[in-house]
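If you're wondering where the values come from, they're calculated on a predicted model, not measured in any experiment.
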Amino acid sequence: MSFSYDAKAEIANADLPANKCCNLAELSGIVRTCGKIASDYSITLITEHDCLFKRVTGLVKNYYATTSGIKLTTLTRPNLPNKYYIDIDSELGEKILTDSYVLRENYLGQKEINNGISVKLIENECCQREFVKGVFLGCASANIVIKDINNLKKHTGGYHLEFSFANSTLAGDFSHLLSQYGVYSKMIQRKKMFVVYIKEAELVSDTLALVGANNAVLTLQNEFAVREVRNQLNRQINCLNSNIEKMVDASLKQIAAIEYIEETVGLTTLPDNLYELCLLRLANPNETLENLAKLMNPPLTKSGINHRLRKIVRIAQELQDELEVEEEPKTD
């Protein structure tokens with residue numbers, strides 16, 4: 001199962017809100033996101049979570065002291081998750097919509113749908129949290145992939161959590177509601193839907209904590225730590241590989257210079273200290289400067305070895321430059 005699926009299951013199976021008003025707020029969040037409202041105000045909730053039916057019936061029972069008017073239909077799909085339809089009849093549906101201030105009368109006395117979030121529904125801080133929880137259950141999705149801790153392969157995916165809404169007013173109100181908890185989101189339109197999304201890892205974690213998905217928070221925090229260890233290890237490996245590549249390139253350049261000197265004027269023309277180092281480098285082409293320094297008699301420092309090798313390379317370059325000058329054609 002996906003990370004968001006497990007987070008939703010954790011929330012749906014948690015205890016129901018203690019306050020009556022909070023049950024309505026959470027129920028409204030679910031209805032506003034995964035529900036389709038018919039012209040007679042009956043509601044159909046569409047989800048891939050079988051545990052949502054138990055959650056919805058519990059919320060309805062706590063607020064209305066009844067579960068009549070709700071039924072569940074399961075659609076089995078080959079090679080795909082089952083889809084669940086939670087049907088709420090028009091009588092109960094109209095009550096829910098009216099009590100949560102989604103259905104209201106305009107100045108002409110006609111019933112109309114309020115596209116935003118009513119302040120009356122979430123006037124209490126506890127109700128605000130429960131509404132966010134309902135929205136999470138109804139439409140949250142994430143691209144977060146939790147890998148096996150033993151998998152050292154770097155994961156390039158980010159931390160992306162999003163909520164999809166049918167209208168921009170509801171999306172904007174929800175984004176503002178999140179900001180009151182320090183969770184700052186962005187909104188885009190994707191086809192006919194309006195998407196509120198969060199991309200920062202810590203903000204995703206804060207949102208999960210806000211809706212009570214504590215196990216998901218722990219899982220995510222563990223993933224933070226694992227990814228950081230992987231990233232540090234990869235950086236160390238890349239640095240080591242880079243240093244090895246530089247060392248090999250330098251060694252090849254030094255050996256090429258020594259061989260050029262040998263082929264042109266001979267190594268014996270060099271001072272004794274450089275002559276000894278040339279022989280040592282030819283005999284130990286893969287050794288680091290530190291090890292070459294220890295092999296010298298008497299031992300030298302790394303900077304001393306490096307200075308002498310640069311001098312050898314410079315001598316070879318000067319010999320090559322002299323040869324090129326001699327070979328240039330003379331003009332009258």
I'd like to know if the side chain of E287 and the backbone of L292 have a donor-acceptor N/O pair within less than 3.5 Å.
no
Is it the case that one hydrophobic cluster holds both L280 and L282, taking links as side-chain heavy atoms less than 4.5 Å apart, direct or via other members?
yes
Residue pair Y260 / Q320: nearest heavy atoms and the distance that separates them:
OH-CA, 3.3 Å
Ignoring hydrogens and angles, tell me if any N or O in the side chain of N143 forms a donor-acceptor pair with the backbone of H160 under 3.5 Å.
yes
Y181 and Q128: side-chain hydrogen bond (donor to acceptor under 3.5 Å, both in side chains), yes or no, with the steps?
CA-CA 10 Å; Y181 293 95; Q128 294 175 9; 3.3 Å; yes
Classify the ring geometry between F174 and F131 as parallel (under 30°), tilted (30 to 60°) or perpendicular (over 60°).
tilted
Hey, quick one: are V31 and Y85 part of the same hydrophobic cluster, counting side-chain heavy atoms closer than 4.5 Å, chains of contacts allowed?
no
Gap between atom CZ of R32 and atom CG of N114 - 0.5 Å precision:
6.0 Å
Got a second to check how far N115's CG is from L170's CG, nearest 0.5 Å?
8.0 Å
All side-chain hydrogen bond (donor to acceptor under 3.5 Å, both in side chains) counterparts of S68, not counting sequence neighbours:
T66
Flag yes if more than 12 heavy atoms outside E200 fall under 6.0 Å of its CD atom; otherwise flag no.
no
Please tell me whether Y64 and D99 have a donor and an acceptor in their side chains that are separated by less than 3.5 angstrom.
yes
Note: S205 and Q221 closest approach over all heavy atoms is OG-NE2, 3.0 Å
Measure from the side-chain N and O atoms of S242 to the backbone N and O of N238, and report whether any donor-acceptor pair falls under 3.5 Å.
no
Under 6.0 Å from the ring centre and within 45 degrees of the ring axis: does the NZ or CZ of K186 meet both conditions for the six-membered ring of Y197?
no
Would R129 and E125 count as a salt bridge (Lys or Arg N to Asp or Glu O under 4.0 Å) here? Give the steps.
CA-CA 7 Å; R129 288 176 176 268; E125 198 274 338; 2.8 Å; yes
Got a donor-acceptor contact below 3.5 angstrom from the N19 side chain to the C21 backbone?
no
Checking side-chain polar atoms at under 3.5 Å, does N241 have a donor or acceptor matched by the opposite partner on E245?
no
Test side chain to side chain donor-acceptor pair (under 3.5 Å), reference Q254, set R310, R281, E259, output is R281
Hey, could you give me the OG/NZ distance between S90 and K95, rounded to the nearest 0.5 Å?
11.0 Å
Would you indicate whether D40, at its atom CG, is surrounded by more than 12 heavy atoms from other residues, nucleotides or ligands within a distance under 6.0 Å?
yes
Looking at I255 and P285, what are the two nearest heavy atoms and their distance?
CD1-CB, 3.4 Å
Give a yes or no on whether a salt bridge exists between E48 and R77, defined as a side-chain N under 4.0 angstrom from a carboxylate O.
yes
Going only through I, L, V, M, F, W and Y residues with side-chain contacts under 4.5 Å, is there a path from V248 to V313?
no
Give, for atom OH of Y41 and atom NZ of K111, the distance between the pair rounded to the nearest 0.5 Å.
5.5 Å
To the closest 0.5 Å, what do you measure between CD1 (I198) and CG (D206)?
9.0 Å
Would you say CG of N13 has more than 12 non-hydrogen atoms from neighbouring residues, nucleotides or ligands within 6.0 angstrom?
yes
Verify, without hydrogens or angle tests, whether T207 (side chain) and L203 (backbone) share a donor-acceptor contact under 3.5 angstrom.
yes
Quick check against the 3.5 Å criterion: does E10 have a side-chain atom that pairs as donor or acceptor with the backbone of A216?
yes
Audit row: E130, K133, salt bridge (Lys or Arg N to Asp or Glu O under 4.0 Å) steps and yes/no
CA-CA 5 Å; E130 292 303 325; K133 184 184 294 183; 3.4 Å; yes
When rounded to the nearest 0.5 angstrom, what is the spacing between CG in L274 and NZ in K311?
5.5 Å
Would the distance check show the side chain of D89 and the main-chain N or O of L92 forming a donor-acceptor pair, the cut-off being under 3.5 Å?
yes
For E112, look at atom CD and say whether over 12 heavy atoms of other residues, nucleotides or ligands are found less than 6.0 Å away.
yes
Ignoring hydrogens, what is the shortest heavy-atom contact between S185 and L178? Give both atom names and the distance.
OG-CD1, 4.3 Å
Indicate yes or no for a side-chain donor-acceptor contact from N222 to the backbone of L218 under 3.5 Å, with no hydrogens or angles considered.
no
Cluster overlap I113 with I30, hydrophobic side-chain contacts below 4.5 Å
yes
Residues I86 and L72: closest non-hydrogen pair is CG1-CD1, 3.9 Å
If every non-hydrogen atom of L208 is compared with every non-hydrogen atom of A7, which pair is closest and at what distance?
CD2-CB, 4.3 Å
Can you hop from L210 to I117 via hydrophobic side chains spaced under 4.5 Å?
yes
